[in-house]
Structure formats: structure tokens, C-alpha cells
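This report refers to the structure that appears directly beneath it.
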Amino acid sequence: MPKIIIDGVEIQCRDKIPVLQAALEAGLNVPHYCYHPGLSIVASCRLCLMEMKMPDPKTKEMVWSPKLVPSCQTLVKEGMEVRFNSPAVIANRDKVMEYYLVNHPLDCPVCDQAGECYLQDYSFQFGKPYARTVDPKVKNPKKDIGSRTLLYQDRCVLCSRCVRFAQEVAGSGELCIVNRGDRAEIDVFPGMPLENKLQGNVVDLCPVGALLDKDFLFRQRVWFLNGTDSICRACSTGCAIRVDQNRNILYRLKPRYNPGVNEWWICDEGRFGWKFVHDERRITTPVVRRGAATETPPWDDLPVIIRQHLTAVVQKHGPASVAVQLSPEMACEEAWLLATFIRSIAPEASLALGDVQIVGQEEKFPFGATDGDVKFIIRPEKNPNRRGVEAVINGLGGNVISREDLAARAGKGEFKALWIAGGYPQPGWAGKPLIDAAGKVELLIVQDLFPGPLTEAARIVLPFCAWVEREGTFMNHAGKLQPFDRAIDPPEGAVRDGQYLYALAGHTGLYTGRRVREMMAKTMPEFGQLHVPPPVPEHQH
Amino acid sequence: MIRDSDIVFVDEPRLTAADRLYLPQVVMGLKTTFRHLFKKKVTLQYPEEKRPMRVENYRGVHRLNKDEKGRVACVACFMCETACPAHCIHIEGGEAPWPDREKYPIKFDIDELRCIYCGMCEEACPVDAIELTPEFSIVGLSREEMVFDKEKLLEMFDRTRELKPRKNPVITGYEYNTGGPIPPSDDQTEGLKAPGQPQR
Ligand code: SF4
Ligand code: SF4
Ligand code: SF4
Ligand code: FES
């Protein structure tokens, strides 16, 4: 851990990092655009320049160097002394800020980035409230550069983050800077739009409003959004995300820094794959069928009703006549609550892991990277919690069967009661063997997001809430147990799965993931250890 | 906290014999009454008579200004919604159908019952698109009627644009046809019906 002196204060920092990173980690607000810890360093924005002490060539004495040096390109060295508060550094910052605003339009009222824009912030903190430029600003119309991305060139500060991302992380390199000098602009090659599966990240990377997300365009001003830490459900990587909502409406998902899992990025499938949350067709109330009649009992009565139904089957056909299919869309806590509840009524009930959706191949980024250089992986397993549910099933032991067995044996009439948890965002997820088998059992209880053949056949239907409405943990492909929080309320009439399963299992009060994890950790120690990413320094972006 | 030293005790003044007689005080009071009887009157017989109003400054019902082509001037920046202390403005922005504009409001609702007529929205607007008009007596028969949508607010503009013309930018001629300017209503005895609603 080298010690360096910044503005006369000695700080300890990590080894082999740029001075800029050390300063940010020490809490200093050093303006910067082009530096990003996940990309190569180009030192082109010239905002982060600092003064550094160097040996005088004649006297070998340490003196302040006559030239400013970029702090993002200078690695820390034991005992080095730098400063950001000298008149020369401040003068440079002033000039650079003024230069950035020469052609920047006064677009903030209609720009989606306003509120989280680093040109706004730095102008406010380091800029001047007036402009000296008298010439008209260069106008550059917006360009459609990709299926999900728009480019407003006149807002660009040419930090080249987007270009480097497309080259170094996505590996497809669609973006480039064309022309030079004050005509330089970001562009794509003719006929080759920005079409990689990570393109949403260039919008996050862009420190200003030059690259904007078409999906979020004009939908909401960012200061109305409230963020909740969550985990992406679109594949088994388990990327850390932030869910931005306002008044219970989801507007967008943003990545969170999560070293060792997704670093700074997420893929477009996860970023835009939340639309099912606000689908009108979702199941929102519990339904109990008695013959042809259906009724919607109040949530408070459900535990009694479900218990009665299950107990009746167990008394008639014995404790092994019940089977449960747990879903890899469930949180570990929910799976555990459901499994222990069923086992408390039918001790020999069989547990099975439900359908795991495998789509396509593993996709490694950058394209064609060999193992050491891989920066991002989209996994073919499109459910977030296969490992977590497996861990719960194996931890509980007893009768564990595969889902094929479950369908086959239920089809042969070996199981009289079946509880199927769905929760897949695709309404028609269930396979034919399962649907056939489900028609044969005496008591079918189905939890699902959307109505389908299974919920049609079921005696009791329970709503399965979307993951942004629930709380718990997902265990990713590498066994990291990551907590996600509830961001919005479930639709009117529905109750969070965790909450009703908690009541079903005989507990009273509010369900929280932590409470259930404490119970689980008594027999399954792997659920005692959470993976929570470290916080990002306040002024880093 | 109030300390004892902060408390001042005041005794009731002792009444003189004249005070206790009561009649002199009645005469004193009547003197004030008669003095005012012969002074210039300050009250008005509202609604038959009306007070002159400072049209420029009056904070009545909102309007959404139009440009000379009749398009809504608002750019859907949400500044008014952000500034509004009563949270009564609800906007939905969208891509403008015009090539010279970026964004415009698809929906623009103001709950006139919830509004406290503070004028913050007017001050926040970067393009002077939302303004408060001198219209103050509007009538609605339901709560929904008093949530003014974009059409009603634009109609308010046509109704008041002669009385209170746009200042920034000054517009000399309007190219759109409203079927003749709607005269500002000066008959306030009946009250204005909320625009866009059938008059009963
Ligand atoms: S578009 Fe954004 S990220 Fe790309 S160079 Fe311009 S400012 Fe930087
Ligand atoms: S006048 Fe005040 S309360 Fe009414 S809409 Fe405007 S800001 Fe809101
Ligand atoms: S502040 Fe003005 S331009 Fe912005 S949304 Fe409100 S009325 Fe429209
Ligand atoms: S020059 Fe250092 S951050 Fe851009």
C-alpha cells in the first residue's frame, strides 16, 4: 500500500492504480470524462490534469514540474507528491470547461441526461455562469446509430469512452471518431449500425447526453426516479443492477459495479427484458376452484384452505403422495419456505427442480477472446437461481427427483397432489408431459405469472410476483449468493410470494429475506454468507 | 422554553366613573360609524360591480401558450412539475412530431383543485409556456372536470390571449384558425364554465 501526498495530505492507496483513481477513492472530486476503470486510458479530456513534484534536472531537488500531467495516466508511486488545488490546475480546468461549452447546445430542458449529466455537474462546480463565445453554435442533427441507441452529436464531449467500449469490451468496434479537430464526431460505418448485445452500456458510459437509450427516451426525468439495488434475472451470471422506478412504474435498469461478476456492465437482454412486469395479463389474485365454480378467497384465509386441501390428500394417500416442482425463478428463501411447508404436511414429499431454460450458446465478450481476456459473459442458462434452488433441495435431502421423473410418475398416478411453481416470463413455458401429468392429479396447486394450461387445470392458483416485486437472494452460476431488494409493489390484489409462503409456513409478521436466511443457515451454512459488491467512490462515474 | 423573567404581568386598568357609565363609549363608537358614512366607499357590490384587476400579475387558472402556428409551446421539460409544491401537474413527454422541435407533451394535466395558485410553475418554465391567467371564477361539476388536460389548457390560451398577450416571445400574428378569437368573458356573475365542457 503506497503512501502518496495529494494537496499536502498524505493518503494510503492501492498499488498500481492511477493517481486519479486514488484521489477519487480518497473522496476528492476530481473532474474527469475519459477515464473509466474498465477501459483503456487515453488521457484525452484534459480535465484531470494535476501538478506533480519531479527532480530538477540540474539540482536534483524535488520541485513542482512546469507542465501539468494527466492524473489518469500517472500511476501512483510511493512518496509521490501531487496537487489539484494550485492556480495552474484550476486555470486549466476553467479553460477546458469553457472549451467544452463552446458548441454544446443549451438542451438540458429536453435532454434525458439532465440530472445525471457530468457536463451539468462540472459546469456547476467548476465552470463559469456565462459564455464568452459570440459565434453561433455548430448544430449537428441527431443520428440513429443502433437499434436501441440514439446519438445527439452536438452534446458529445468526445471522451471516446463509447468507442473504446465497443472495441475493448464488446469487441465489435462499430463506433469510431470521424474527422479531426472541431469537426470530429462519433459515427458508425455506413451500413454497420451499433448492434452488439452490450450496446446499452455505451449509454451508461457516456458522461453527457450524447448517447441515449431509445427505450427510455423522454419517458421520465431522472430526478423523479428512485433506485433499488437488485440482481438481474435474465441469466445465471447474476449481474448487479439498480432498478429505477417512480410511483410503482419501472422505467429502466442500470448496472451496478460488481467485481468478479459483471464488473461495470450488463447485457441488453437483461437491461430491456423487464417489460413483462407491467403486462396486463398477469395473474394478480389467488383463485380456488370448487368444481366449476371459482372464488377468490382473502389472503388471510389462504393458509387454512391450502393446508386443508393438502392434509386431505396426505390422509387419504399417505405422506409420499405429494410432489413439488420448485422454480429456478424463485429466490432461495421462497424455495426453502415452500419446501419446508410441504414437508411439514407430507414428510416424504418429493422435491424437483423445475425447467431450466437453456437458450443458445455461452457468449463471451470481447468477440473471440481467449479465457484470460474475457470481460463479460452472457450465459445460456436464462434463469437466475438454478444453483440456489438446487442447494435448497440438496440441503433438505429426502426424496429428490428430476423434473422428468416428476412428470412421468405423476402421469402414472403415483402423485396425488402436485405443487408447481412457475414464474417464467414466457406465458407458455410448460412442456407437454407436465401439462398431461398435471391433468391427472387430484390436487394441483400452481404459482405463476401468466395464465396458461397449468393454471387452467389447477385447483388453486397463486400469483407469482416478478422479481422486482420480491425480496430474497439468487445464487449465481458460480455459487455467489446475492441479495436483491423489492423495488415496486406487486400489482393490485397480489401479495409477494415470500410473504404468503411465510404465512403458509406458519410464521407471523413481515417476511424479510434476512429472517428466513437466518433460519436456513442453521442447517445450510452456505446461506449465511452474502456477496455484496463494494461501494463505488462517490465522485467516480 | 419560557422563563419567568420573560413574563410581564399587566394589570387591568381601573375604570373611571365615566367609563362605568357606558354611554360615553357608545357615543364615541357611533362617532366612528358616522365619520365613515360620509367618507368615500371602498366596498364593491360584487358581482354587479367589479374591481379593476392587474391582468399582468393575477394568478388565476393556468393556460398553455401556443406559438404562432398554434402548436403547444411547452417542451415537456417537467420543470413545472418539479417546482410545483402541490404536486398537481402531471406530464407525459414524447418525441415531437415537428422537425424543429425535440420533445413535446403528449399529456399535460393540471389538477386545478389541488393547485394553490402560487405561480411557481410559471417561474420555472424555461420557455414561458405555462402561465397563470386572470380567469378566476371557473365552475366544474365534478372533480374530473377540474383536472384540466392539454386541450383545455390550450383553449384557455385562446380565450385569454387578447387580454394577456404572450410576452416572451412576442407574437404579432397567429397563423392558426380558432374560429375567431374567443372574447374574454367579463360576465362573472354566472362564472365561467370550465372550457371544453358542455354549458348547462
Ligand atoms: S458519445 Fe458520449 S461516450 Fe461517446 S465520445 Fe461522445 S461524450 Fe464520450
Ligand atoms: S400555481 Fe403553484 S400549485 Fe399551481 S400548478 Fe403552478 S406550481 Fe403548482
Ligand atoms: S416548465 Fe414549461 S416547458 Fe417545461 S414542462 Fe412545464 S410548461 Fe412545459
Ligand atoms: S485526461 Fe484524465 S480523465 Fe480525461
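Just so we're on the same page: letters track the sequence lines, and every chain starts at 1. Everything quoted here is computed from the prediction, not taken from an experiment. Computation of the quantities below employed the complete heavy-atom set of this structure, encompassing side-chain atoms and omitting hydrogens, waters and symmetry-equivalent molecules.
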Worksheet item: Would you find more than 12 non-hydrogen atoms of other residues, nucleotides or ligands less than 6.0 Å from B/Glu49 atom CD?
Response: yes
Worksheet item: Counting only heavy atoms not in A/Lys142, do more than 12 fall under 6.0 Å of its NZ?
Response: yes
Worksheet item: Would you say A/Leu106 has more than 12 foreign heavy atoms packed within less than 6.0 Å of its CG?
Response: no
Discussion item. To the closest 0.5 Å, what do you measure between CG (A/Asp112) and NZ (B/Lys103)?
Written reply: 5.5 Å
Discussion item. Within the supplied structure, the quantity of interest is the number of heavy atoms (other residues, nucleotides, ligands) at a distance under 6.0 Å from B/Glu151 CD; does it exceed 12?
Written reply: yes
Item to complete: Please say whether more than 12 non-hydrogen atoms of neighbouring residues, nucleotides or ligands are located less than 6.0 Å from NZ in A/Lys214.
Response: yes
Item to complete: Please report the shortest heavy-atom distance between A/Val110 and B/Val75, naming the atom on each side.
Response: CG1-O, 3.5 Å
Practice prompt. Would you please go through residues 105-129 of chain B and name the residues with a non-hydrogen atom below 4.5 Å from one of chain A, in numerical order?
Written response: B/Pro126
Fill in: Heavy-atom contact with chain A under 4.5 Å, split by part of B/Glu92
neither
Worksheet, complete the sentence: For B/Met79 and A/Trp223, the nearest pair of non-hydrogen atoms, with its separation, is CE-CH2, 3.8 Å
Worksheet item: Taking the side chain as C-beta and beyond, is there a heavy-atom pair between A/Arg221 and B/Cys77 under 4.5 Å?
Response: yes
Practice prompt. Kindly check if the number of other-residue, nucleotide or ligand heavy atoms within 6.0 Å of CD (B/Glu56) is above 12?
Written response: yes
Worksheet item: What is the distance from atom CZ of A/Phe218 to atom OH of B/Tyr104, rounded to the nearest 0.5 Å?
Response: 11.5 Å
Worksheet item: Is atom NZ of A/Lys139 surrounded by more than 12 heavy atoms (other residues, nucleotides or ligands) closer than 6.0 Å?
Response: no
